[in-house]
Amino acid sequence: DWSSDVCSSDLEQAAVYCGTFITSYGCPTLTITASYLHAGLGNTFVATAGLLAVTTGSAVVTAELTDDRERMIATASVVVQLIQDLSQYV
């Protein structure tokens, strides 16, 4: 059963991994806004993400979730914090 919680989690993870990969910084989520378009069908779901904007302390990342028919079922806009010095958190 595909729930909105699982959907949000997948979108957030795609966005955070994208932000970390592109910026080389840790990227914890500050805010997430998800839009659910319709129920997904099938057994395979793919989350993709892309970077929209970067400032010195944060980034805005978009994420999309598609089903195995390649229909978009949800989107998200995620604001992540760019952690440049991990030593302050250890």
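Values reported hereafter were calculated over all heavy atoms of this structure, with side chains retained and with hydrogens, waters and symmetry mates removed. These numbers were taken from a predicted model, which means no experiment stands behind them. Nothing fancy with the numbering, it's 1 onward along the sequence.
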V79 and V54: same hydrophobic cluster, using ILVMFWY side-chain contacts below 4.5 Å? no

Please enumerate all residues that pass side chain to side chain contact (heavy atoms under 4.5 Å, CB included) together with A49, with sequence neighbours excluded. A14, C18, V61, A63

Should L52 and V80 be counted in the same cluster of Ile, Leu, Val, Met, Phe, Trp and Tyr side chains packed under 4.5 Å apart? no

Please give me the minimum heavy-atom distance between S77 and V60, naming the atom from each residue. OG-CG1, 3.9 Å

Listing request: all side chain to side chain donor-acceptor pair (under 3.5 Å) pairs with a residue in residues 38-48, at least two apart in sequence or in separate chains. none

Roughly how far, to the nearest 0.5 Å, is the CD1 atom of I22 from the OH atom of Y17? 15.0 Å

Please list, chain by chain and in numerical order, all residues satisfying side-chain hydrogen bond (donor to acceptor under 3.5 Å, both in side chains) with E12, sequence neighbours excluded. T29

With sequence neighbours left out, the residues meeting side-chain hydrogen bond (donor to acceptor under 3.5 Å, both in side chains) with S58 are T55

Value for CG (L65) from OG (S35), rounded to nearest 0.5 Å, stands at 12.5 Å

According to the side chain to side chain donor-acceptor pair (under 3.5 Å) rule, which pairs have a member within residues 59-70, sequence neighbours left out? D67-R71

Where do I73 and F45 land on the side-chain contact (heavy atoms from CB on, under 4.5 Å) test, with the steps shown first? CA-CA 9 Å; I73 58 174; F45 298 89; 3.7 Å; yes

Going by side-chain heavy atoms closer than 4.5 Å, which hydrophobic residues are tied to M72, directly or by a chain of links? L37

Quick check: is L82 connected to V78 through a chain of hydrophobic side chains (ILVMFWY, heavy atoms under 4.5 Å apart)? yes

